[in-house]
Protein chains: 2
Amino acid sequence: MTYHHGDLRRALLAQTASAIAEDGVARLSMRALAKRAGVSNAAPTYHFGDKAGLLTALAAEGFDLLAEAMADAGDGQGHVARGVAYVEFALRCPSHFTVMFQPRLLHDDDPELVAARQRAWGALSVGVDEVRSGPDADFGVASWSLVHGYATLVLSGAIEPDDALRQARAVAAHLVSEADGRT
Amino acid sequence: MTYHHGDLRRALLAQTASAIAEDGVARLSMRALAKRAGVSNAAPTYHFGDKAGLLTALAAEGFDLLAEAMADAGDGQGHVARGVAYVEFALRCPSHFTVMFQPRLLHDDDPELVAARQRAWGALSVGVDEVRSGPDADFGVASWSLVHGYATLVLSGAIEPDDALRQARAVAAHLVSEADGRT
DNA sequence: GAGCAAACTTTTCATTGACAAGATACTCTC
DNA sequence: GAGAGTATCTTGTCAATGAAAAGTTTGCTC
């Protein structure tokens, strides 16, 4: 426990997530992070190369979590349930979610990131392909936009929901009624 | 032109917007900004107090521009046109739009910011109140989420649209058809 | 033209990210 | 079980940055 932490990489990722949740990405400090984890200031750099590398790893983890969440919600459940699961993930892992959609903060061509993102996109589009039956090629984009927008607005504080998940359900319901209406 | 710039504040805001559009908010440097504007490194601080103050001013400007855009699109036009105008604004002023929804970067209680935001919210909700006729209290949130999400996804690079505005129209159309179906 | 406030500069300081070089602990082989 | 090699972490250093203090110039007013 002195020199070899055991699983410092994982610990740093967890600390990063909570630090971002508290103070935002902008105020994330590698040195403060290292101090919080009880290691020297160069330890994070060893594991992640640089700050962008750290955030890249967090984003990749986020994409995997999202893919997992979508897969769990996708078995037999409806389109609404998937949308709600998307929002639920964003609210449960706000730091991951935030970083995932800010490529400027990341090494955007990192192989692991690209792979994880690919998996998440796959898990997303499966549900869309199920529903999209007509000539409406933009329905998938609209669905994604709806849930992504709601999550983003809540996380940014623009919307202060009484009960976020109830509202998410109500919002996502607009998708299904739309799809049903079109079929 | 030597000591008194004339309109340095405005010039700095413009430079900030283009700098963010190029490299992202994270890599925005007050000193580099000052150098680009041809002034000393403390000049921006004089006008805006600190970095958050600079971004606060940019966000406030953004909210005013958004309010203006919504007002222009709102006269007699339909709900779809307003949604498209929202997206169009986001794509036209990506730096403003990005900063507006990251309160962590701002002095969130700044009076001018609060006022400008209030105006923008007002301009937004007017259109919603027109359409919302039934008991669907969440329709406004859904509308906002849809266009905000689409704009965000395009700006983050998650969606690479062939023609963003055409797609925005198609996406926004989901709103109206929904509203019509409910009435 | 003297005072005065606004606008900007120069200087300084603590913090930060990144890097280089060194120290320590684990592991594998023989 | 001992030595070699490697992964993991530390210490020290550097340039860049945001912020603040103190000084300088410009324009306005009376």
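Just so we're on the same page: letters track the sequence lines, and every chain starts at 1.
Rounding to whole angstrom units, CZ of residue B:R27 and P of D:dG18 are separated by 14 Å. B:L8 places its CG atom 15 Å from the C1' atom of D:dT25, with the value rounded to the nearest Å. In this structure, B:L33 atom CG and C:dC8 atom P are separated by 13 Å, rounded to whole Å. Atom CG of B:N41 and atom C1' of D:dG18 are 10 Å apart (whole Å). Between the P atom of C:dC8 and the NZ atom of B:K35 lies a distance of 19 Å, rounded to the nearest Å. As rounded to whole Å, 19 Å separates atom P of C:dA25 from atom CG of A:D7. The separation between A:M30 atom CE and D:dC9 atom C1' is 14 Å, rounded to whole Å.
For B:A43, whose side chain is taken as the heavy atoms from C-beta onward, the closest listed nucleotide among D:dA19, D:dT11, C:dC8 is C:dC8. Proximity note for B:S29 (side chain, C-beta onward) versus D:dT17, C:dC8, D:dC9: the nearest is D:dT17. Relative to the side chain of A:A42, the nucleotides D:dT11, D:dA19, C:dT9 differ in distance, and D:dT11 lies closest. Candidate nucleotides C:dT16, C:dT9, C:dT10 were compared by shortest atom distance to the side chain of A:R31, and C:dT16 ranks first.
B:Y46 and B:L12 fall into different hydrophobic clusters, where Ile, Leu, Val, Met, Phe, Trp and Tyr side chains are chained together by heavy-atom contacts under 4.5 Å.
Across all non-hydrogen atoms, the minimal contact from B:A81 to B:A73 is O-CB, 4.1 Å. Shown here for B:D64 and B:A116, the closest heavy-atom pair between the two residues is OD1-CB, 3.8 Å.
A perpendicular orientation is assigned to the rings of B:F101 and B:H148, their planes being inclined by more than 60° (bins at 30° and 60°).
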_Using side-chain hydrogen bond (donor to acceptor under 3.5 Å, both in side chains), reason through A:R104 and B:T98 one step at a time and then give a plain yes or no._
CA-CA 12 Å; A:R104 286 257 170 66; B:T98 297; over 6 Å; no

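B:R27 CZ: 12 or fewer foreign heavy atoms inside a 6.0 Å radius.
Contacts between residues 45-61 of chain A and DNA chain D, counted as heavy-atom distances below 4.0 Å, involve A:Y46, A:H47.
Atom CZ of A:F48 and atom CG of A:L58 lie 8.5 Å apart (nearest 0.5 Å).
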